[in-house]
Amino acid sequence: MPERLVSNQSLPLASAGTPLVSVGTQWVVDASGCDPKKLQSLETIGSICRRVIDSLALTVIGDPASHRFAAPHGVTMLYLLSESHLAVHTYPEHGLATFNFVCCRDEAEWPWKAELGTSLGADDVCIRVLQRGTWHHHRERESDNASVMEALQ
C-alpha cells in the first residue's frame, strides 16, 4: 500500500523547517480504496479514533460528536481534545476516509498507513503534516500586512 507524505518544510522563512513559535502539528490524512461497509460504521470509525487517542495518551473533553448519514453516505465523528481535535469524515461511495488531527504537541506520530490498511482496507494513504505556528518575526509580519493593505487600496 503506498503512503505519501507531504509536509510544510519548504515554506518561506522556515529554513530550519520549524516555526519561530510552534503551537503544534496538524495531520491531514486521506485513506482511499477503503471497504465501503467499514466506512459506514460508527463503531469502526470510533474504534480507530479511540486507538489514536489511547496510544498517544490524549485527553478527550466531553463526549464525541458523531452522525451516520443515510446510505450510501458515511459518517462524521469529532473528538474535542485538550490537545486540540480529531475529526473524521467518510465517503463510502468513493471508498474514502478523511482524518484531520491537530495536536499542540510537536511529536504525536501515529501509524496511519498500517492502522487504516488493517481497519478500513485502505490501499492508499496520503498523509500531509503541517507544523502550526508563527513563521515570521513580528516586524516582518507588520511589514507584510502593510504591503497587502497598500496593494488593496
Worksheet entry | Test item: F99 and T90 side chains (from C-beta on) under 4.5 Å apart, heavy atoms | no
Worksheet item: Closest heavy-atom contact between T59 and E83?
Response: N-OE1, 3.0 Å
Practice prompt. Please name the pair of heavy atoms, one in L39 and one in G95, separated by the smallest distance, quoted to 0.1 Å.
Written response: CD1-C, 3.6 Å
Fill in: V28 reachable from V125 in the ILVMFWY side-chain graph, under 4.5 Å edges
no
Worksheet entry | T118 side, atom OG1; R51 side, atom CZ - distance, nearest 0.5 Å | 8.0 Å
Discussion item. Holding to ring-ring contact (aromatic ring centres under 6.0 Å, His included), I want the full list of residues that pass it with Y79, two or more places apart in sequence or in another chain.
Written reply: none
Worksheet item: With the 4.5 Å side-chain cut-off for hydrophobic clustering, are W27 and L81 part of the same group?
Response: yes
Worksheet, complete the sentence: Of all heavy-atom pairs linking A108 and C103, the shortest is CB-SG, 4.0 Å
Practice prompt. Output yes when a side-chain donor or acceptor of S55 lies under 3.5 Å from a complementary backbone atom of V52, and no otherwise.
Written response: yes
Practice prompt. Supply the atom-to-atom distance L78 CG to L86 CG, rounded to the nearest 0.5 angstrom.
Written response: 8.0 Å
Item to complete: Give the minimum heavy-atom separation between S84 and V102, together with the two atoms involved.
Response: CB-O, 2.8 Å
Practice prompt. Could you give me the CA-CA distance, side-chain angles and deciding distance for L116 and V29, then say whether side chain to side chain contact (heavy atoms under 4.5 Å, CB included) is met?
Written response: CA-CA 10 Å; L116 299 179; V29 180; 3.8 Å; yes
Worksheet item: Linking Ile, Leu, Val, Met, Phe, Trp and Tyr through side-chain heavy atoms less than 4.5 Å apart, which residues share a cluster with I61?
Response: L80
Worksheet item: What is the minimum heavy-atom distance between A122 and C34, and which atoms define it?
Response: CB-SG, 3.7 Å
Worksheet item: Do the side chain of Q26 and the main chain of V129 share a donor and acceptor less than 3.5 angstrom apart?
Response: no
Fill in: Side chain to side chain, L96 and D30, heavy atoms closer than 4.5 Å
yes
Discussion item. Do F101 and I53 make a side-chain contact, defined as non-hydrogen atoms from C-beta onward lying under 4.5 Å apart?
Written reply: no
Fill in: Reported SG-to-NZ distance for the pair C126 and K113, which is rounded to 0.5 angstrom
12.5 Å
Worksheet item: Is a donor on one side and an acceptor on the other found under 3.5 Å between the side chain of R105 and the backbone of V23?
Response: no
Response to the item:
Closest non-hydrogen contact found for S119 with T44 is O-CG2, 4.0 Å
Discussion item. Y91 vs T98, test: side chain to side chain contact (heavy atoms under 4.5 Å, CB included). Steps then yes/no.
Written reply: CA-CA 8 Å; Y91 306 87; T98 63; 4.0 Å; yes
Would you be so kind as to tabulate the donor-acceptor pairs closer than 3.5 Å made by side chains of residues 63-72, with sequence neighbours excluded?
{"unit_1": "R68", "atom_1": "NE", "unit_2": "Q40", "atom_2": "O", "d": "3.1"}
{"unit_1": "R68", "atom_1": "NH2", "unit_2": "E43", "atom_2": "OE1", "d": "3.4"}

Fill in: CA sep, side-chain torsions, deciding dist, call: M77, C49, side chain to side chain contact (heavy atoms under 4.5 Å, CB included)
CA-CA 9 Å; M77 189 167 286; C49 291; 4.1 Å; yes
Worksheet item: Could you state the interatomic distance from CD1 (I48) to CD (E115), rounded to the nearest 0.5 Å?
Response: 8.0 Å
Item to complete: Go through R132 and T25 one step at a time and tell me if the side chain to side chain contact (heavy atoms under 4.5 Å, CB included) criterion holds.
Response: CA-CA 5 Å; R132 306 306 303 263; T25 305; over 6 Å; no
